[in-house]
Amino acid sequence: MLQFSEFLSNHPLLFGALILVGLAIIANEVLIVRRGGQRVAPADAVRLINDQGAKVVDLRSVADFKKGHILDSINVPMMKLDEQMGSLRKFQDKPIVLCCALGSVATQAGGRLRAAGFEQVFPLTGGINGWQNAGLPLTTK
C-alpha cells in the first residue's frame, strides 16, 4: 500500500490517465450493450437455442452462408436487413442470436433490431469464427 501511495504522489498524471482509460472502457461496453444487445459466447448461444428456442440469424452473404452455417439458422444478409425486418417479426417473442463473420456486424444489426422493437437480441461474440474456434459444428444443408 505504501508503494501505491508513493506512485500516486509521484505520478498523478499517469494515475489520472489510468482512471480515464478505465472509464472509457466501461462506457464503451455500456454503449455496446445498449445499442446492440448483450453479446453471448458460443456456449451461451447454444444454451439459448436449446433451452429457449432462440432463432439464429446469419447476417453474412448468401455465398458465405452456403459454405457453412449454424444448424437451423436463417440467412438475412446485412444489406437486406431492413427489407426483411417484417419476416423476422414472427421471431420477435423469442431470443434472436445474430451472427456474422467476426461479430462486429452483428452488433450493428442488433442495434437496428432493438430500435425496431426486438427486445431479446444477442450478437454472437466472435461471429462464425468464434463459433468454429469453440469447436462447434457448421452445416451446409
Side-chain angles (χ1 to χ4, degrees), residues 1-8 10-141:
M1 188 69 177
L2 182 62
Q3 289 176 340
F4 178 73
S5 57
E6 182 181 342
F7 175 82
L8 182 59
N10 289 334
H11 305 288
L13 290 177
L14 286 176
F15 186 71
L18 174 67
I19 296 297
L20 286 176
V21 168
L23 291 174
I25 290 171
I26 291 169
N28 185 49
E29 290 299 316
V30 169
L31 282 175
I32 287 172
V33 169
R34 289 185 69 207
R35 288 185 183 159
Q38 176 78 33
R39 291 182 186 176
V40 292
D44 296 326
V46 170
R47 280 190 214 98
L48 279 173
I49 294 165
N50 291 338
D51 297 344
Q52 297 181 29
K55 190 64 181 173
V56 179
V57 177
D58 194 319
L59 300 162
R60 298 175 301 147
S61 68
V62 175
D64 288 339
F65 183 79
K66 287 181 180 179
K67 289 179 186 174
H69 56 272
I70 298 170
L71 185 65
D72 293 331
S73 63
I74 58 171
N75 185 227
V76 179
M78 183 65 173
M79 300 299 278
K80 296 184 180 182
L81 182 63
D82 293 330
E83 294 171 21
Q84 296 187 16
M85 194 76 70
S87 66
L88 294 175
R89 290 273 176 217
K90 60 186 168 193
F91 307 114
Q92 191 166 1
D93 59 338
K94 294 183 177 184
I96 296 177
V97 177
L98 300 170
C99 66
C100 59
L102 300 173
S104 59
V105 172
T107 303
Q108 293 172 2
R112 286 189 192 172
L113 288 174
R114 289 177 64 82
F118 291 80
E119 294 181 12
Q120 299 183 69
V121 179
F122 302 96
L124 181 64
T125 303
I128 291 293
N129 288 345
W131 182 270
Q132 287 180 300
N133 289 340
L136 296 168
L138 296 178
T139 184
T140 56
K141 296 179 184 177

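Counting from 1, the numbers follow the sequence of the chain as shown. Only a predicted model underlies this, so the values are computations on that prediction, with no experimental measurement involved.
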Quiz item: Within a strict 4.5 Å, meaning less than it, do heavy atoms of the Asp44 and Phe122 side chains meet?
Solution: no

Quiz item: Side chains of Leu98 and Leu124: does their closest heavy-atom pair fall under 4.5 Å?
Solution: no

Self-check item: Glu119, CD: over 12 other non-hydrogen atoms inside 6.0 angstrom
Solution: no

Practice problem: Identify which one of Met78, Met79, Gln84 satisfies the side chain to side chain contact (heavy atoms under 4.5 Å, CB included) criterion when paired with Leu81. | Solution: Met78

Quiz item: Quick one: CE on Met85 to CZ on Arg112, what's the gap to the nearest 0.5 Å?
Solution: 7.5 Å

Quiz prompt | Nearest-0.5 Å distance, CG of residue Leu2 to CZ of residue Phe7 | solution = 14.0 Å

Quiz item: Lys141 side chain to Asp72 main-chain N or O, any donor-acceptor pair under 3.5 Å?
Solution: no

Exercise. Would you check if the side chain of His69 reaches a backbone N or O of Thr139 as a donor-acceptor pair within less than 3.5 Å?
Key: yes

Quiz item: Can you find a pair of side-chain heavy atoms, one from Lys67 and one from Arg60, that are under 4.5 Å apart?
Solution: no

Quiz item: If you take all heavy atoms of Ala116 and Gln92, which pair is closest and at what distance?
Solution: O-NE2, 4.4 Å

Quiz prompt | Thr125 side, atom OG1; Leu102 side, atom CG - distance, nearest 0.5 Å | solution = 12.0 Å

Quiz item: So which of Val121, Val57, Val46, Leu48 actually passes side chain to side chain contact (heavy atoms under 4.5 Å, CB included) with Val97?
Solution: Leu48

Practice problem: Identify the two heavy atoms, one from Ala45 and one from Trp131, that lie closest to each other, and give their separation to 0.1 Å. | Solution: CB-CZ3, 4.2 Å

Practice problem: Could you check if a side-chain atom of Leu88 sits within less than 4.5 angstrom of a side-chain atom of Ile74, using non-hydrogen atoms only? | Solution: yes

Quiz item: Mind checking whether Val56 and Leu71 have side chains closer than 4.5 Å, heavy atoms only?
Solution: no

Quiz item: To the nearest 0.5 Å, what is the distance between CG (Asn10) and CD (Gln3)?
Solution: 12.0 Å

Quiz prompt | Gap between atom CG of Leu59 and atom CZ of Phe65 - 0.5 Å precision | solution = 11.0 Å

Quiz item: Rounded to the nearest 0.5 Å, what separation is found between the NZ atom of Lys80 and the CG atom of Asp82?
Solution: 13.0 Å

Quiz item: Between Asp58 and Asn75, is there a donor-acceptor pair closer than 3.5 Å when you use the side chain of the first and the backbone of the second?
Solution: no

Self-check item: Nearest heavy-atom neighbours spanning Ala106 and Cys100
Solution: N-SG, 3.4 Å

